[in-house]
Structures are given as structure tokens and as C-alpha cells.
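The structure appears below as C-alpha cells.
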Number of protein chains: 2
Amino acid sequence: MTRTLRLAGAQLGPIQRADSRAHTMERLIALLEGAAKQGAELVVFPELAFTTFFPRWWMAEDDPELLGYFEREMPGPQTKPLFEKAKALGVGFYIGYAELTPEGKRFNSAITVGPDGRILGKYRKIHLPGSKEFRPQQQYQQLEKRYFEYGDLGFPAFWGPKSWNAPILGMLVCNDRRWPEGWRVLGLQGVELVMVGYNSAAYDPNGGQAEDLELRTFHSTLAAQANAYMNACWAVAVAKAGVEDGAGLIGGSCIVDPNGRLVAQAQTLGDELILADVDFDACRQGKEKMFNFAAHRRPQWYKPIVERVGAVEPPLP
Amino acid sequence: MTRTLRLAGAQLGPIQRADSRAHTMERLIALLEGAAKQGAELVVFPELAFTTFFPRWWMAEDDPELLGYFEREMPGPQTKPLFEKAKALGVGFYIGYAELTPEGKRFNSAITVGPDGRILGKYRKIHLPGSKEFRPQQQYQQLEKRYFEYGDLGFPAFWGPKSWNAPILGMLVCNDRRWPEGWRVLGLQGVELVMVGYNSAAYDPNGGQAEDLELRTFHSTLAAQANAYMNACWAVAVAKAGVEDGAGLIGGSCIVDPNGRLVAQAQTLGDELILADVDFDACRQGKEKMFNFAAHRRPQWYKPIVERVGAVEPPLP
């Protein structure tokens with residue numbers, strides 16, 4: 001028995017601050033059409049895929065530019081063309097966007113849309129990196145903690161449609177992929193495919209020890225590979241890449257199998273599709289044997305994971 | 001500032017069921033002396049390093065052969081030569097062994113011994129793989145759940161001595177290294193070096209989808225690399241390798257830096273030393289920035305990790 005889905009990752013090159021929304025929408029639709037032409041049934045776009053990565057800039061809370069980066073509804077007037085095109089093609093998609101709720105709350109969110117245009121699942125990023133404060137020593141800020149609230153939906157897994165062979169799906173956003181807790185909460189719901197969009201700096205914005213494009217791409221790929229293996233699931237992680245507003249972003253978008261092996265990886269820092277035929281039944285070996293959670297986990301010893309936020313050193317000898 | 005330690009992994013080739021304890025002790029001491037000659041201050045041996053991996057054989061609970069695999073004290077009459085030699089050389093070590101307590105409890109344990117011969121820390125394996133039952137369809141059993149109780153000491157981190165630059169140390173045993181929960185509990189104690197000994201089958205003993213030596217070595221290395229990265233610590237994972245009593249064991253012993261990069265890896269399936277100069281201050285970049293737990297973790301969303309043992313699928317749509 002095989003339960004397959006043809007999956008695409010749609011890596012984006014940079015979206016400059018000066019680029020129009022209409023121009024970016026043309027690129028998104030071109031990737032969607034290219035993936036559909038190659039038979040993709042589900043296309044995964046990056047985090048904050050409609051605009052530049054605006055948390056690198058300090059703006060006042062009521063700056064019209066800042067408010068212009070947020071979506072008040074999904075689909076909304078500017079995002080509707082993507083929904084319409086995907087539905088016409090019968091292709092589903094994951095996409096990251098900045099969400100402004102009717103109550104005025106702001107989140108770094110992602111949704112998964114089915115081939116019929118219905119929203120199947122929604123996620124709000126939990127592991128916000130960066131700071132609330134302006135850091136004068138930095139050329140580029142990382143102000144996610146200023147512009148977004150921490151996600152308040154947990155890590156909900158959800159079912160994909162029968163036409164995809166009814167997989168259990170989960171979403172993460174960017175920095176979440178480095179935190180094994182989020183993956184494990186999805187794994188504990190039997191997740192078979194974890195989708196992640198990201199914008200990750202190609203260097204260390206805080207200075208400190210040198211971390212370059214190559215090392216940071218390695219970190220990103222390693223996290224996807226190992227967490228897929230340890231939860232016996234597929235993973236797809238998709239970048240916005242290249243030099244955006246003068247700041248470097250890693251690429252390295254990848255599709256990983258439940259053994260943690262790379263099945264596809266982007267080779268450029270621009271708009272690029274990666275594709276794979278994903279067999280959800282390939283998760284069974286891991287879920288039933290090595291990672292049979294019910295048989296092997298010992299939660300009574302995991303309590304510090306929920307009882308402690310930061311590290312506490314052991315008592316001195 | 002650098003806080004360095006010269007670290008060795010002492011991979012063992014197979015220990016056959018017919019091998020004498022004295023012969024195995026000669027091999028352990030030869031590895032210890034070889035490491036000391038190359039300046040090692042801490043030598044990490046495998047899991048169950050004094051004997052063959054006896055859980056592959058079904059034995060009665062009171063079989064004298066079974067009881068002969070267990071240590072009633074540490075050091076005991078048969079293990080004392082290793083302690084004496086290490087103390088004479090001023091070298092510390094990690095070693096795995098089968099523990100029989102005065103109360104008659106049996107554990108798959110590991111200890112870390114300081115350069116002065118004092119036991120610095122003790123650990124009892126929590127993630128026992130295998131089964132309690134005989135599986136008639138298998139040529140080799142995996143009876144850890146029969147021969148051992150689940151570890152009852154949690155995942156305690158502890159301090160190494162000042163002569164090692166006072167690192168925070170942690171231990172895991174074999175299958176534990178595939179479970180991010182154990183690493184995270186150590187990470188939440190500020191661990192700077194995680195030591196792991198293992199005996200891992202080079203093929204899938206349950207049949208099922210083919211997993212070979214190469215894939216299983218990849219799994220082992222991947223788990224060490226990613227969990228070291230995600231906890232910003234060093235890791236050393238050391239195998240008993242080769243064909244033991246007719247059953248294949250992977251090698252691939254490795255030392256990994258806090259970026260998840262391989263610093264050293266064994267090339268054979270026999271007795272082999274790997275060495276690295278480990279700088280504990282290299283953990284600081286990760287612990288203070290990307291993996292600053294106090295700044296970025298959100299434990300209120302991690303509750304399923306402790307409230308659930310096995311996976312529970314989401315409700316049908």
C-alpha cells in the first residue's frame with residue numbers, strides 16, 4: 001500500500017521593500033503554475049511570503065507602511081488571486097503571512113489551503129526570535145518580538161483531504177523548526193508531513209562568532225532532517241532567499257523523508273521549485289518500531305521541559 | 001577565553017560471547033593507554049562495554065550466564081583494573097555496564113569517573129528498546145525490556161572537575177540519543193558535553209523495510225549532530241561495532257561540536273580511538289543567542305510531551 005502525494009516547495013528569491021504587491025503576486029502565481037504543470041498537488045511557500053521581511057526595519061506602531069504588511073482577512077483583496085488560481089488548478093498550498101485580527105492582535109501566521117480552496121489548518125508562530133527593542137549596534141534589526149504576539153493556537157495537526165490520501169499534516173514557521181518541542185507535539189498527533197516556511201539571516205546579525213551562509217544553511221537542513229527522523233514524518237522547509245533590502249537570507253529549501261534523508265534541495269537563492277513524490281506509508285516503519293511512542297516514551301522524566309523555561313545549572317559539587 | 005578538554009572516544013570492536021573478561025579488560029586498557037598517550041583527559045567507552053551485548057540472547061532469569069554479565073559494585077573485582085589504570089594515568093572515563101543493585105534491581109547504566117578515580121555521575125538508561133517477550137521469528141532477540149528496569153534517576157547533569165575547566169556534563173545510553181526529550185532535559189541544566197555509549201544493530205532485526213549499515217549509521221550520526229546543535233553543546237557518541245556473535249553492529253563513533261558539525265568520526269568497525277580538543281566556551285554563542293531558552297521557549301504549548309505517552313490522531317474533519 002502506498003499513500004502518495006506530489007509535493008512542491010516554492011522557494012522565493014528576495015522581495016524588496018520597493019517591490020509592488022502585484023509584482024510579488026505574479027511571482028507566486030508563476031511558481032504555483034510551474035508546480036502544477038509538474039503535477040504538484042500541494043505547494044509550500046515561505047514565511048511572510050507576500051512582502052519583504054519587514055521585521056528588519058524599525059517602524060512606529062501606527063506607521064502606515066507597517067500596517068500595509070498585514071492581512072486583515074485571508075483571502076483578502078490583495079491575496080485573492082493566489083487562492084483563485086490555486087482552486088482553478090486544483091492545487092493546495094501552505095503560505096506564511098502577517099496576520100492582523102479584528103481585535104487588533106498581530107501574529108506571524110501560516111495557513112494550509114486544500115485543492116478546493118478551503119482553509120484546512122491555521123498556525124501562529126510560537127518561537128518568535130529577535131527582540132522588542134531597537135538595537136543601535138545592528139545594521140538590520142530582528143523585531144519579531146515587537147511586531148508579533150506569541151502564537152496562541154498551540155501546534156495543531158490536521159487531516160489533509162482524501163484526494164491527498166488523507167495525511168496528517170502539521171505546520172511550523174521559520175525559527176520553530178529549530179525547537180524539537182514543536183515537532184514532538186506534532187509527532188504526538190501522528191503527523192506525517194510537517195510544512196515550514198522561513199526567512200533566515202545568512203549571517204549572525206548580533207555579531208559574535210562568525211556564522212556564514214554555509215553554516216546557517218547546514219543548521220537549517222540539519223534541524224529539518226533530524227526532527228523528521230525522530231518523529232518518523234516527512235518534512236518540507238521552504239526559504240525566502242537571497243539579498244533582500246541589502247540583507248542576506250539563506251536558501252537551502254528541502255524535502256526530507258522519514259529517515260531524515262534529503263530527497264530534494266534548492267540549488268539557487270532565487271525563485272525555484274523543488275518536487276518529490278511523498279509516500280505517507282513510509283512513515284509507518286518508524287512510527288511502529290523505533291519511534292513507537294506508546295511503547296518507548298517515559299514522560300515522567302520529561303517534566304523539566306514544561307516546568308522550566310530557561311536553563312538552571314546543577315548544584316555545585 | 002577558552003575552556004578546553006582533550007576528549008577521546010574509545011570505540012570497541014565486537015566482544016564475542018566466548019571472550020574472557022580478562023581479554024576484554026586488556027582491550028579496554030590498551031585503548032585507555034593509547035588515548036592517554038595522545039593527551040586525552042576523558043575517554044568515553046560504549047554501552048555495556050565489559051561484555052557482549054547479551055540482550056540478544058534469551059536466558060532464564062536465574063541463568064548463571066545472565067548473572068555473570070552484571071556488576072554488583074563499581075568498581076568490582078573484575079572492573080577494578082580499569083579504574084586503577086585510569087587513576088594512575090590521571091584520565092577520567094565514561095563507561096556503560098549492566099548494574100545489579102543490592103535490592104536485586106537491574107539497570108543498563110553508565111558512570112563518569114574523574115581523573116582522581118572518584119565517580120562524578122551515574123545514569124540509568126531510560127529509553128529501553130526491544131521487548132520483554134521472545135520473538136520466535138527473529139534470529140537475534142532484543143530483550144532489554146526483559147533484562148533491565150527503566151532508569152529511575154532522570155537525566156541528571158553534573159559538574160566536571162576544575163582540571164577539565166569545570167564543564168557541565170550529561171550522560172545518555174544508546175537508544176536515548178534518538179529521543180530529543182533526554183537531550184532537552186540535559187540542555188535545561190546547561191549541559192556542555194553529552195556522552196553516549198551505544199550498541200546499535202546494523203540492520204532491522206524486525207524485518208520490515210530494509211535498513212542497512214549505512215542508513216543506520218546515518219541515523220545515529222544525525223541524532224547526535226542535531227541534538228548537540230539544538231542544545232548548543234558538544235556530543236560524543238561511541239559504539240561497540242562489528243560482527244558480534246554473528247549479529248552486525250554499526251560503528252560511526254563521533255565527536256560533534258555545538259554547531260552540529262562532525263569533528264571526528266571512526267572509520268572502522270573495530271577498536272579505534274577518535275580525539276578532539278573540545279572548547280566548552282564554544283557553547284556560549286548558541287546558549288546566549290539562538291538557543292537562549294529563557295528568552296525563546298514557550299513551555300505552555302509543550303504540555304502534550306508530558307501528558308501523553310503515545311500518539312493520538314487529531315479528530316476527523
Side-chain angles (χ1 to χ4, degrees), chain A residues 126-129 150-151 154-159 168 175 178-182 184-185 187-190 204 206 208-209 215 218-219 222-223 225-227 229-230 259-261 285 287 289-294 296-299 301-314 316-317, chain B residues 126-129 150-151 154-159 168 175 178-182 184-185 187-190 204 206 208-209 215 218-219 222-223 225-227 229-230 259-261 285 287 289-294 296-299 301-314 316-317:
Chain A
I126 284 180
H127 296 101
L128 296 176
Y150 291 106
F155 299 98
F158 56 96
W159 293 88
I168 301 177
N175 185 39
R178 307 182 202 271
W179 298 83
E181 291 92 341
R184 184 58 105 219
V185 175
L188 285 165
Q189 297 167 82
D204 176 8
N206 298 309
Q209 288 183 31
L215 179 57
F218 169 74
H219 287 163
L222 178 64
Q225 289 183 277
N227 285 299
Y229 167 61
M230 295 189 292
N259 278 301
R261 291 177 295 206
Q285 161 95 350
K287 288 189 191 297
K289 293 173 182 170
M290 188 72 84
F291 298 109
N292 179 335
F293 292 163
H296 302 310
R297 294 180 76 249
R298 305 292 295 162
W301 301 112
Y302 307 156
K303 285 182 190 159
I305 292 171
V306 296
E307 291 176 350
R308 194 174 283 193
V309 183
V312 180
E313 295 182 349
L316 285 167
Chain B
I126 285 180
H127 296 100
L128 295 176
Y150 291 107
F155 300 98
F158 56 96
W159 293 88
I168 301 177
N175 186 38
R178 307 181 201 271
W179 298 83
E181 291 92 341
R184 183 59 105 218
V185 174
L188 284 165
Q189 298 167 81
D204 175 9
N206 296 309
Q209 288 184 32
L215 178 57
F218 168 75
H219 288 163
L222 177 64
Q225 289 183 277
N227 285 298
Y229 166 62
M230 294 189 294
N259 278 301
R261 289 178 296 206
Q285 161 94 350
K287 288 190 192 297
K289 292 172 183 171
M290 187 72 84
F291 298 109
N292 179 335
F293 292 163
H296 302 311
R297 292 181 78 249
R298 307 291 295 161
W301 301 112
Y302 306 156
K303 285 181 190 160
I305 292 171
V306 296
E307 292 176 351
R308 193 175 283 191
V309 183
V312 180
E313 296 183 347
L316 286 167

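Each chain gets a letter, A, B and so on, in the order its sequence line appears, and its residues count up from 1. The analysis underlying the following values was restricted to heavy atoms, covering all of them including side chains, and did not include hydrogens, waters or symmetry mates.
The shortest distance between side-chain heavy atoms of B:Phe293 and A:Val309 does not fall below 4.5 Å. At a threshold of 4.5 Å between non-hydrogen side-chain atoms, the residues B:Gln189 and A:Arg308 count as touching. When side chains are defined from C-beta on, A:Val312 does not count as touching B:Leu188, because their heavy atoms never get closer than 4.5 Å. At least one side-chain heavy atom of B:Asn227 sits less than 4.5 Å from a side-chain heavy atom of A:Met230.
Residue A:Phe158 touches chain B through its backbone alone, counting heavy-atom pairs closer than 4.5 Å. Contacts between A:Phe218 and chain B at a heavy-atom distance below 4.5 Å involve the side chain alone, from C-beta outward. Of the atoms belonging to A:Leu128, it is backbone heavy atoms, and not side-chain ones, that fall under 4.5 Å from chain B.
Contact count against chain B (heavy-atom pairs under 4.5 Å) is highest for A:Ala294 among A:Gly151, A:Pro317, A:Ala294. Counting heavy-atom pairs closer than 4.5 Å to chain A, the top residue among B:Pro156, B:Gly187, B:Pro180, B:Pro129 is B:Pro180. Top candidate by heavy-atom pairs under 4.5 Å with chain B, chosen from A:Val306, A:Ile168, A:Ile305, is A:Ile305. Counting heavy-atom pairs closer than 4.5 Å to chain B, the top residue among A:Lys303, A:Glu313, A:Lys287, A:Gln225 is A:Glu313.
In terms of heavy atoms, A:Asn259 sits closest to B:Leu222 at O-CD2, 4.4 Å. The two residues B:His127 and A:Arg297 have their closest heavy-atom pair at CD2-CA, 4.5 Å. Heavy atoms only, all atoms of each residue included: A:Gly190 and B:Ala311 are closest at N-CB, 3.9 Å. The two residues A:Ala157 and B:Pro314 come nearest to each other via the heavy atoms O-CB, 3.6 Å.
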Checklist entry - Is there a ring pair (Phe, Tyr, Trp, His ring centres under 6.0 Å) between B:Phe291 and A:Trp179 once you walk through the steps? => result CA-CA 9 Å; B:Phe291 298 109; A:Trp179 298 83; 5.4 Å; yes

Next on the checklist: Set out, in order, the CA-CA distance, both residues' side-chain angles and the distance that settles side-chain hydrogen bond (donor to acceptor under 3.5 Å, both in side chains) for B:Arg184 and A:Tyr302, then state yes or no.
Outcome noted: CA-CA 9 Å; B:Arg184 183 59 105 218; A:Tyr302 307 156; over 6 Å; no

Item to check | Intermediate values then yes/no, side-chain contact (heavy atoms from CB on, under 4.5 Å), B:Trp301 and A:Val185 | outcome: CA-CA 8 Å; B:Trp301 301 112; A:Val185 175; over 6 Å; no

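Look at B:Glu181 and A:Arg298 and you find no salt bridge, because none of the NZ, NE, NH1 or NH2 atoms lies under 4.0 Å from a carboxylate O.
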